[in-house]
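See structure below.
Each ligand, and each atom within it, is numbered from 1 in the order the structure gives.
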Amino acid sequence: MSCDFLALAQPGVQKLSPYVPGKPVEELARELGLNPSDIVKLASNENPLGPSPLAVQAIQAALPELTRYPDGNGFALKQALSERFDVPPAMITLGNGSNDILELITRAFVGPQHEVVFSEHAFAVYPIVTQAVGAKAIVVPAKNWGHDLSAMADALTPATRLVFIANPNNPTGTWISRGDLEAFLERVPENVIVVLDEAYTEYVEASDMPSGLDYVSSRPNLLVSRTFSKAYGLAALRVGYAISDPAIADAMNRVRQPFNVNSLALAAAVAALGDVNYLGESRVVNRQGMLQLEAGLADMGLDWIPSRGNFIAVDLRREAAPVFQALLREGVIVRPVANYGMPNHLRVTIGLKNENQRFLDALARVLASV
Ligand SMILES: *Cc1c(COP(=O)(O)O)cnc(C)c1O
C-alpha cells in the first residue's frame, strides 16, 4: 500500500515551491572537480570579510557550555540590543535568523481567512510563509522594480492582516524614501501589521532612507525585522531579531520554539554587535565593491538596478540562465532570479576586490561566447 502524503499536506503547503538557496561552494567544487578555494561565491549576500574576530572568540569562550540548553530568553543579546537601539527588552524578539521572525509573525497572526500584501519581486520568504498558513497572497505589481507603496495601500482590504515591506528589497536592491513610508503608514489601519524587513539596513549610508526604529514607538502595528546574517557576517549561525510593540512580541513568543536561537549564535551576536570596526569595514568594502562592479558593468555596456544593499541585480537583456550556468563553469557562483519574475537578471553579491574582478572577467568571457 502506498499513501500520497503530499495530498495530505495542508492545501497551502501542497502549492508551495521550496526556497531556492545560492549554490554552495562545496557542491560546485564536487561537480567541477575543483578546489573550493578556486571558487568565488557571490550568491547569497554574505559578508565577504569573514566573521568578526570578536564573534569567533565569543564562540570559543562559549564552547565548554555546549551541554547546556541556551538561554531561551536570550537575556544578554536582548540587553545589548536594548542598549544599542534604546528600546525596552520587552519589544525585542529573537529569531533563528530573521526568516524565523517572518515566520513567527505570520504564524502568530495570520490564518486562512486573511490576506497578506507584498510587492512583486520582493523577498521569496514572504510568499512561502503566507502560503504555509493558508492565507491569500496579494502581490502588488512593482514600479521601476521597487515597491509601489501607494498601490500597496490601495490593495488593503478588511481581510488584510499583514503587509511585508523590504527596505532595501532583495533581490532588486530598491529602497523606499522616508516620505513614502510615512504616507503609507498613515493609510494602514491599526489592526494591520506592517513588517518592515531591514535585513540590509546597516549598509545604508544615505540619509534619505527611513529607519523603522524611528516609528516603532509611535506605531504599535509596525514590526521592524533585522538580521546578523548580512553586515554582521554571521549567516551560518542563524540569528535575527524583531523590534515591535510588546503585545506583538508576546504573541510571537507564544509560538516560537523554546530555544530557537542557540548559545553560540547568542554569544557571537553580542560580540558582533559590539565590533564597531568590523561593521565600519564591512560598509567600506561594500561601498568600494559596488563602485567597482558598477564601473565594470558600465564598461561592458550592461545595465543594473541601482541598489542600497550588498548586492546588485544586473540586466543582461537576454535570458540569464545560460549565463549563470556558464559562470558556474568559470567557478563563479551568482544568483539567478527568474523565480522572482526576473529572468533576464542575475543578482551578484558585492565581494572582495579580487572576487568582484573574477566575476567581471568571467562575465566578459561568458558574454562573448554563450
Ligand atoms: C537575507 C535576508 C533576510 C534574512 O535572512 P536570515 O539569514 O534568516 O536573517 C531577510 N530578509 C531579506 C530581504 C533578506 O534578503
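- Side chains of Arg358 and Val332 form a contact here, defined as non-hydrogen atoms less than 4.5 Å apart.
- The shell of residues lying under 4.0 angstrom from ligand 1, judged by heavy atoms, excludes Asn45.
- Residue Asn170 has at least one N or O atom closer than 3.5 Å to an N or O atom of ligand 1.
- Contact annotation: for Ala199 versus ligand 1, heavy atoms closer than 4.0 Å belong to the side chain alone.
- Counting protein heavy atoms only, atom 4 (C) of ligand 1 is closest to Ser98 OG, 3.0 Å.
- Between Asn96 and ligand 1, no N or O atom pair is found at a separation short of 3.5 Å.
- Ring centroids of Tyr200 and Phe311 are separated by less than 6.0 Å, placing the two rings close together.
- With salt bridges taken as basic N to acidic carboxylate O contacts below 4.0 Å, one links Asp208 and Arg308.
- Judged by distance alone, the side chain of Arg347 and the main-chain N or O of Pro336 form no donor-acceptor pair under 3.5 Å.
- Residue contacts with ligand 1: Gly240 is excluded, as none of its non-hydrogen atoms falls under 4.0 Å.
- Comment: Lys230 does not engage Glu202 in a salt bridge, judged by the lack of any side-chain N to carboxylate O separation of less than 4.0 angstrom.
- Closest heavy-atom approach to atom 8 (O) of ligand 1 among the candidates Glu198, Lys230, Arg238: Arg238.
- With a 4.0 Å cut-off on non-hydrogen atoms, Tyr200 touches ligand 1 through its side chain and not its backbone.
- When hydrogens are left out, the protein atom nearest atom 7 (O) of ligand 1 is Ser229 OG, 2.5 Å; that is the closest non-hydrogen contact.
- Taking atom 5 (O) of ligand 1 as the reference point, the nearest protein heavy-atom neighbour is Asn99 ND2, 3.4 Å.
- A tilted orientation is assigned to the rings of Tyr241 and Phe228, their planes being inclined by 30° to 60°.
- Given atom 11 (N) of ligand 1, the protein heavy atom at minimum distance is Asp197 OD2, 2.6 Å.
- Note on ring orientation: taking the six-membered ring where Trp is involved, the planes of His121 and Trp145 are tilted (angle from 30° to 60°).
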Report the C-alpha separation of Tyr215 and Glu182 in whole Å, then their side-chain angles, then the decisive distance to 0.1 Å, and conclude whether the side chain to side chain donor-acceptor pair (under 3.5 Å) test is met.
CA-CA 9 Å; Tyr215 304 94; Glu182 288 175 4; 2.5 Å; yes
